[in-house]
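A quick write-up on the structure given underneath.
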Amino acid sequence: MPASKKSRKPSYTPAQYVEGILRGDRIMLARAMTLVESRKPEHQALAAEIIDRCLPHSGQSLRLAVTGTPGAGKSTFIEAFGLQLIEKGHKVAVLAIDPSSHLSGGSILGDKTRMQQLASDLRAFIRPSPAGTKLGGVAPNTRELIFLCEAAGYDRILVETVGVGQSETVVHSMTDFFLLLLIPGAGDELQGMKRGIVEMADLIAINKADGQRLKAAQQAQKEYQRALHLFPPKPSHWTPKVLIISALHKRGIDELLQLIEVFKAQMEKSGFLRQNRQKQAVYWLHERIDTALRNYLQQQPEFKKRMLKAEEKVAAGTWSSLQGSLYLLEALIKRN
Ligand code: GDP
């Protein structure tokens, strides 16, 4: 029962949220996610408590990043792949790109049909990222959403993202496996501009390997296989693979799924999966502290005053950025 009946939306205690999530209640899961995404301090405090209570029940999933430029076929792929996972007995959560976001490049028609079949299956849970997410579908708190999904029993979590580099780095720091979807013909541009993203990939899937594009896809597969050899070995010692698939015709999906399971088994055996997650947790602690400190400082009148002055001086070229930062730090050190 809701703790308060007066407010328009019922409010629950953290214990009620957690109990609902652990029971697999999708509405409670969605509500808790909204709290995690909220900027209101009272929501954040509640969210933090829910997350902490869910943490002991999280961690059992495989966290997969699915990235690729708009039109690469991410949603078509996620639908085909997700349905296959479900068939194998998994519960699938998708933290998806909000189709209304301009970054996704989604058309109105495309939006309506996005992952319809998967969305209507009770063994899948699809959560679009809030509108206006700058990082193409992923945000620092996406990591917390992953924990909540895990506590609700989802054991394969797909985080969809699109961007030009920054969003991929963020999603890479919160997932176990990085899947890059490419389409034949876009190779040259990607080799140069998105080298860093290719380097992060555990698996490159050349999509749309059907009809007239099949030959080009096979060619791209060879090229990327060659290109991957030039990168230094990964800390995981996993050798990245290049597959050709057709998400539309559901070809190559099974092979891809098997490869991911091989990855999981290998990484569990070597201990990399656990070590990597520990590293990610510490990384995010530092990120959070950086953000919290900056927010705190920006609310201090003395600091704000000095910041304005430093910005002015640095813009005018009177001070170096080093000088400006020392001036700001002085305000803090003096106080202690
Ligand atoms: P997203 O923007 O990356 O999510 O891409 P979509 O999944 O919306 O796909 C963009 C377009 O490519 C749609 O018209 C799809 O039907 C089409 N598409 C996706 N996968 C394939 C494929 O394997 N083969 C072909 N021929 N078309 C595909």
Side-chain angles (χ1 to χ4, degrees), residues 64-85 92-121 124-131 133-138 142 157-168 171-172 175 177-187 189-190 193-194 197-198 200-201 203-221 224 241-257 259-260:
L64 304 156
V66 178
T67 191
T69 46
K74 290 178 298 301
S75 52
T76 312
F77 167 77
I78 290 172
E79 166 128 304
F81 182 62
L83 290 169
Q84 191 103 328
L85 283 168
V92 181
V94 183
L95 303 174
I97 293 169
D98 176 6
S100 67
S101 135
H102 66 95
L103 260 170
S104 76
S107 66
I108 301 296
L109 188 70
D111 303 345
K112 282 199 182 133
T113 53
R114 263 189 143 237
M115 304 177 212
Q116 238 174 23
Q117 217 184 328
L118 191 63
S120 62
D121 196 303
F125 180 88
I126 300 182
R127 173 85 178 179
S129 56
T133 310
K134 278 203 211 103
L135 287 169
V138 67
T142 301
I157 316 247
L158 311 183
V159 186
E160 183 191 10
T161 175
V162 59
V164 286
Q166 210 189 344
S167 63
E168 279 79 7
V171 78
H172 186 252
T175 49
F177 189 90
F178 195 91
L179 167 60
L180 174 60
L181 273 191
L182 296 179
I183 33 177
E189 158 219 353
L190 281 151
M193 195 174 83
K194 298 202 171 173
I197 298 172
V198 174
M200 282 191 272
L203 172 60
I204 295 177
I206 318 275
N207 191 29
K208 308 197 186 183
D210 47 47
Q212 291 186 336
R213 289 202 187 91
L214 182 59
K215 270 228 162 82
Q218 287 164 336
Q219 185 60 31
Q221 183 183 27
Y224 275 99
K241 312 281 187 300
V242 188
L243 292 183
I244 53 171
I245 64 162
S246 168
L248 193 65
H249 299 290
K250 298 187 167 50
R251 268 186 242 136
I253 307 292
D254 207 32
E255 194 187 349
L256 188 150
L257 197 150
L259 240 166
I260 291 176

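Numbering of ligands and ligand atoms starts at 1, following listing order. Note that this is a predicted model, so its numbers are computed, not measured.
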Contact between [X] and [Y] at the side-chain level, heavy atoms closer than 4.5 Å - yes or no?
X	Y	result
Glu255	Lys241	no
Ile260	Phe81	yes
Ile78	Val92	no

Can you sort out which atoms of ligand 1 are near [X], meaning under 4.0 Å from one of its heavy atoms?
X	value
Lys74	1 (P), 2 (O), 3 (O), 4 (O), 5 (O), 7 (O)
Thr69	3 (O)
Pro70	2 (O)

- Looking only at heavy atoms of Gly68, does any of them come nearer than 4.0 Å to an atom of ligand 1?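 Outside the 4.0 Å threshold, so no.
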- Message: Within the structure, is a non-hydrogen atom of Leu181 found at a distance of less than 4.0 Å from ligand 1?
- Response: no
Within the side chain of [X], is there an N or O that forms a donor-acceptor pair under 3.5 Å with the backbone of [Y]?
X	Y	value
Glu79	Gln117	yes
Thr76	Leu248	no
Asn207	Ala247	yes
Lys74	Thr69	yes

If you measure from each non-hydrogen atom of [X] to ligand 1, which part falls under 4.0 Å: side chain, backbone, both or neither?
X	result
Thr76	both
Val162	neither
Asp210	side chain

- Option whose closest heavy atom lies nearest to atom 22 (C) of ligand 1, chosen from Ile253, Leu248, Thr67: Leu248
- Message: Heavy atoms only: which of Gly252, Ala96, Ala247 lies closest to atom 23 (O) of ligand 1?
- Response: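 Selected option, by shortest heavy-atom distance: Ala247.
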- Item | For Ala201 against Leu180, the heavy-atom pair lying closest together |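 For Ala201 versus Leu180, the nearest heavy atoms are CB-CB, 4.1 Å.
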I'd like to check whether [X] has a polar contact with ligand 1, where a contact means an N/O of the residue lying under 3.5 Å from an N/O of the ligand.
X	answer
Ala209	no
His249	no
Gly71	yes

- Message: Let me confirm one number: the CG-CG distance from Leu95 to Leu64, rounded to the nearest 0.5 Å.
- Response: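 Going from the CG atom of Leu95 to the CG atom of Leu64 covers 11.0 Å.
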